[in-house]
**Q** 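I'd like to ask some things about the structure below.
Within every chain, numbering begins at 1; the chains are lettered A, B, ... in the order of the sequence lines, protein sequences first and strands thereafter.
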Protein chains: 2
Amino acid sequence: MDRQQTEKDDEASGQGRPTLKTLAFMTGLGVTTVSRALKDAPEIGAETRRRVQLVAKQIGYRPNRAGVRLRTGKTNVISLVLNTEREIMSFVSDIIYGVSEVIADTPYHLIVTPYSRSQDPLDPIRYLVETGSADGVIISRTQPNDPRARYMLERGIPFATHGRTDMGLIHPYHDFDNYAFAAEAVRHLAGIGRRRLALLAPPVELTYHSHTLNGFTDALSDVGASEIPFNTVSIDHSIEQIRMRTAQLMRREARPDGFVSSAAAATLAIVAGIEDAGLKLGRDVDVVSKQSSDLLHLFRRELLVVNENFRLAGAELARSVLGWIGGAAPGSLQSLSMPTEVLAYRRD
Amino acid sequence: MDRQQTEKDDEASGQGRPTLKTLAFMTGLGVTTVSRALKDAPEIGAETRRRVQLVAKQIGYRPNRAGVRLRTGKTNVISLVLNTEREIMSFVSDIIYGVSEVIADTPYHLIVTPYSRSQDPLDPIRYLVETGSADGVIISRTQPNDPRARYMLERGIPFATHGRTDMGLIHPYHDFDNYAFAAEAVRHLAGIGRRRLALLAPPVELTYHSHTLNGFTDALSDVGASEIPFNTVSIDHSIEQIRMRTAQLMRREARPDGFVSSAAAATLAIVAGIEDAGLKLGRDVDVVSKQSSDLLHLFRRELLVVNENFRLAGAELARSVLGWIGGAAPGSLQSLSMPTEVLAYRRD
DNA sequence: GTGACAATCTGTAACGTTTCAGTATATAGA
DNA sequence: TCTATATACTGAAACGTTACAGATTGTCAC
């Protein structure tokens with residue numbers, strides 16, 4: 001091309017980040033054609049398509065996110081909404097990695113949207129929806145009647161919940177089968193002769209509280225064991241509180257000889273409380289606990305554990321949201337993860 | 001206004017998200033004026049400015065991020081770059097919350113950019129810089145000669161490192177004083193009569209390896225204690241490896257009577273290894289460990305701990321990056337956090 | 001040779017914002 | 001009265017992308 005370059009061409013060949021204009025200039029095509037060629041539109045010639053895609057790869061073209069977002073409204077963002085105070089620590093890192101793993105070879109970015117104790121949990125969701133900051137949202141600490149899920153369902157924004165709701169509304173979720181966990185835990189404790197069991201449950205407002213509780217009580221009556229009430233604390237309480245309440249409980253006549261604990265950190269507190277009361281784990285009392293990283297058996301080898309894989313949860317949740325964004329039916333994007341067997345690390 | 005509305009006015013008063021056009025229509029001003037009024041530009045009348053800002057607040061106007069980003073290149077995004085395999089678990093959640101806390105009342109969003117073992121750590125940085133995906137970056141696992149810091153310094157993109165570099169280049173950082181930690185740990189162990197000390201250090205490639213090691217050896221010669229080499233493992237190794245190596249070490253003649261451990265999870269493994277060898281914590285050997293959440297004393301009450309606050313680190317790092325973006329001198333955005341005293345939970 | 005049609009490509013406008021280069025109006029200086 | 005200057009405002013253009021509505025070919029039937 002020996003014609004004189006216009007200003008526009010000049011700009012297009014400049015050394016900034018390549019844009020569609022750059023590609024159009026290089027291939028001698030129009031911007032529109034280039035745009036369509038890159039997304040395999042049908043009305044572009046096979047030869048042209050290949051040429052454009054080749055050049056694009058060569059010069060490392062990457063669509064400008066702001067351009068796409070402004071024009072189409074598509075943000076290519078997934079938001080993970082987290083409670084800054086109450087979220088389980090290993091949950092945060094594992095779920096992030098799980099999500100990351102899945103969105104790694106997609107154009108999606110992961111943004112973390114935190115909210116604190118003081119705030120209405122709906123606040124961050126409202127913010128996201130009102131500002132159109134994400135194509136999809138992942139929430140945790142799901143409640144049976146969850147205003148956040150309802151809100152997003154009403155506005156038609158794709159989301160997935162970690163944990164189920166119970167509102168008669170259909171949406172993607174991933175959940176761990178806490179009913180099965182609690183039931184299995186009770187059965188295991190009964191199997192080693194424990195008869196008076198206490199449950200350290202999730203906080204009442206979360207859906208998996210009742211799942212856990214139901215699994216616990218159903219299995220209790222199955223095996224003919226009895227419950228020692230322990231509902232002055234939940235896994236949301238501080239380590240100190242749980243420890244104190246456990247010690248209190250263990251000093252009573254009718255103390256439990258078995259615990260089921262829904263969280264690893266809480267289990268540390270339970271054990272401390274047990275020992276505060278002068279009792280011994282594995283002899284006076286056994287504890288079955290969920291854990292998400294394989295550390296509890298180092299703590300006390302007598303501990304009985306069930307593993308919950310948060311990384312898997314993150315991956316599943318991400319898949320669900322992406323699926324919904326991609327047009328799949330929300331009802332087809334629900335998954336439940338089964339607990340492992342109760343693992344004993346005791347070596348006698 | 002009883003004149004017939006034009007199409008544009010119609011659109012502007014529509015119920016979509018309010019834009020500058022909406023505000024312009026409502027106030028009867030031009031878009032430009034509205035834009036300037038909102039950012040307190042000098043050539044706007046005081047009365048007009050107030051009126052515009054009032055209306056903006058009333059209807060909940062929020063600037064469209066894509067619009068701003070496309071026009072100005074400003075992303076209003078901070079990226080936290082994390083290694084999906086090697087990052088300390090509590091670090092991830094705490095640092096995220098620390099960062100969140102600081103950017104909460106700014107327009108910034110936090111995106112998490114992960115990379116895995118297999119990748120060059122420079123990959124995610126290159127991606128961010130090439131695609132202009134963030135205004136600022138936070139990296140961890142900092143090395144003395146860190147290619148990522150060098151790369152970003154060359155391109156002039158604001159960042160902060162968790163940990164220092166040693167390249168003679170100036171950039172914002174936040175670091176925990178690991179020299180002081182290790183020295184203090186050694187002194188404490190010496191104070192309770194321990195003489196043969198082993199160090200479980202961070203991986204050699206990270207800057208704080210040598211900080212820790214120097215603090216350790218300097219204090220050793222101060223107090224006249226000796227080092228039992230324990231450098232076949234680092235805190236990056238698996239729990240099993242550390243446990244095995246510790247047990248091995250403790251079965252030797254010249255075994256240590258004191259440990260300094262740079263990470264809480266690793267400490268669990270050390271203790272397990274000690275007990276595997278049939279020895280008792282607090283009697284045969286003492287262990288000083290860093291921890292970021294207050295759980296180690298529940299694990300074994302004999303453990304000696306020093307707390308490292310990752311949430312604070314996250315907040316400091318965020319402040320640093322924002323400061324740099326805001327034009328502050330990089331050299332003025334460096335901070336070092338002092339270790340607490342060694343805390344003993346033992347109650348005899 | 002004409003019309004119809006498919007195949008392939010293209011220019012323009014728009015998304016919401018900021019910047020540039022103005023345009024009006026009022027005030028003051030001569 | 002005229003010009004200069006400051007004050008307060010405005011339209012047009014641009015960032016990079018996609019959607020819409022053409023435009024230009026070539027092929028084929030008749």
Side-chain angles (χ1 to χ4, degrees), chain A residues 6-14 16-52 56 59-76 107 130-133, chain B residues 6-14 16-52 56 59-76 107 130-133:
Chain A
T6 69
E7 277 185 56
K8 292 210 167 190
D9 289 342
D10 242 0
E11 279 187 273
S13 58
R17 247 181 90 190
T19 69
L20 288 182
K21 204 152 80 178
T22 322
L23 284 177
F25 171 68
M26 295 183 74
T27 55
L29 297 164
V31 213
T32 305
T33 311
V34 172
S35 173
R36 317 200 72 161
L38 286 177
K39 48 175 57 74
D40 290 318
E43 62 267 69
I44 300 298
E47 152 73 11
T48 306
R49 193 206 320 281
R50 241 173 317 155
R51 198 159 58 90
V52 170
I59 66 172
Y61 167 77
R62 314 248 203 171
N64 179 305
R65 314 191 111 231
V68 176
R69 181 164 170 177
L70 182 56
R71 177 64 235 243
T72 64
K74 181 125 209 276
T75 63
N76 284 312
E130 280 169 12
T131 61
S133 288
Chain B
T6 68
E7 277 185 56
K8 290 213 167 188
D9 290 342
D10 243 0
E11 279 187 271
S13 59
R17 249 182 89 191
T19 69
L20 288 182
K21 204 152 79 179
T22 320
L23 284 177
F25 170 69
M26 296 182 72
T27 54
L29 297 163
V31 222
T32 305
T33 312
V34 172
S35 172
R36 316 198 74 162
L38 287 176
K39 47 174 58 73
D40 290 320
E43 61 266 69
I44 301 297
E47 151 73 11
T48 306
R49 192 207 319 283
R50 242 174 316 155
R51 197 159 59 90
V52 170
I59 66 172
Y61 167 77
R62 314 249 204 170
N64 178 305
R65 314 192 112 231
V68 176
R69 181 165 171 176
L70 182 57
R71 176 65 235 242
T72 65
K74 180 126 209 277
T75 62
N76 284 313
E130 281 169 12
T131 61
S133 289

**Q** Taking all non-hydrogen atoms of both residues, which atom of A:Ser35 and which atom of A:Leu20 are closest, and how far apart?
**A**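 Looking at all heavy atoms of both residues, the closest pair is CB-CD1, 3.9 Å.
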
**Q** Touch check for B:Gly67, heavy atoms < 4.0 angstrom, all strands: base, sugar-phosphate only, or nothing?
**A**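 Result for B:Gly67 = base.
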
**Q** CD of A:Glu43 versus P of D:dC20: gap in Å, rounded?
**A** 12 Å

**Q** Can you tell me which nucleotide in D:dT17, C:dT17, C:dT10 comes closest to the side chain of A:Thr33?
**A** C:dT10

**Q** A:Arg62 CZ to D:dC15 C1': how many Å, rounded?
**A** 20 Å

**Q** Starting from C1' on C:dT17, measure out to CG on A:Asn64 and report it in whole angstrom.
**A**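 Atom CG in A:Asn64 sits about 14 Å away from atom C1' in C:dT17.
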
**Q** Are B:Leu23 and B:Leu38 packed together at the side-chain level, in the sense that at least one heavy-atom pair is separated by less than 4.5 angstrom?
**A**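 Heavy-atom side-chain distance check passes, below 4.5 Å.
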
**Q** Taking the side chain as every heavy atom from C-beta outward, state whether B:Leu29 and B:Arg51 have any atom pair closer than 4.5 Å.
**A**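 They are in contact (side-chain heavy atoms under 4.5 Å apart), so the answer is yes.
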
**Q** Does D:dC9 have OP1 or OP2 sitting under 4.0 Å from an N or O in the side chain of B:Thr48?
**A** yes

**Q** Pick the closest DNA chain D nucleotide for B:Pro42 and for A:Ala66 by heavy atoms, then say which residue is nearer the 5' end.
**A** B:Pro42

**Q** If I take atom NZ in residue B:Lys39 and atom P in nucleotide C:dT17, what distance separates them, rounded to the nearest angstrom?
**A**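 Rounded to whole Å, this separation is 9 Å.
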
**Q** Starting the side chain at C-beta, find the nucleotide from C:dT10, D:dT10, D:dT17 nearest to A:Tyr61.
**A**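 Among C:dT10, D:dT10, D:dT17, the one nearest the side chain of A:Tyr61 is D:dT17.
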
**Q** Is there a side-chain polar atom (N or O) of B:Thr32 under 4.0 Å from OP1 or OP2 of D:dC9?
**A** no

**Q** Please tell me which of B:Leu20 and A:Ile44 maps to the more 5' nucleotide of DNA chain C, matching each residue to the nucleotide holding its nearest heavy atom.
**A** A:Ile44

**Q** Send over the distance from A:Arg49 CZ to C:dC9 P, rounded to a whole Å.
**A** 10 Å

**Q** Strictly distance-based, threshold 3.5 Å: is any side-chain N or O of A:Arg65 a donor or acceptor partner for the main-chain N or O of B:Gly132?
**A** no

**Q** How close or far is atom P of D:dT18 from atom CG of A:Leu23, stated in whole angstroms?
**A**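 Between P of D:dT18 and CG of A:Leu23: 12 Å.
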
**Q** Would you mind reading off the distance between B:Lys21 atom NZ and D:dT10 atom P, rounded to a whole angstrom?
**A** 16 Å

**Q** Using heavy atoms to find the nearest nucleotide of DNA chain C for A:Ala46 and A:Val31 separately, return the residue whose nucleotide is more 5′.
**A**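 Its nucleotide being nearer the 5' end, the pick is A:Ala46.
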
**Q** Output the rounded distance in Å from CZ (A:Arg71) to C1' (D:dC20).
**A**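 It works out to 9 Å between those atoms.
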
**Q** Out of C:dT10, D:dT18, D:dG16, which nucleotide sits closest to the side chain of A:Thr19?
**A** D:dG16

**Q** What I'd like to find out is whether the side chain of A:Arg69 reaches to under 4.5 Å of the side chain of A:Asn76, using heavy atoms alone.
**A**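 Heavy-atom side-chain distance check fails, nothing below 4.5 Å.
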
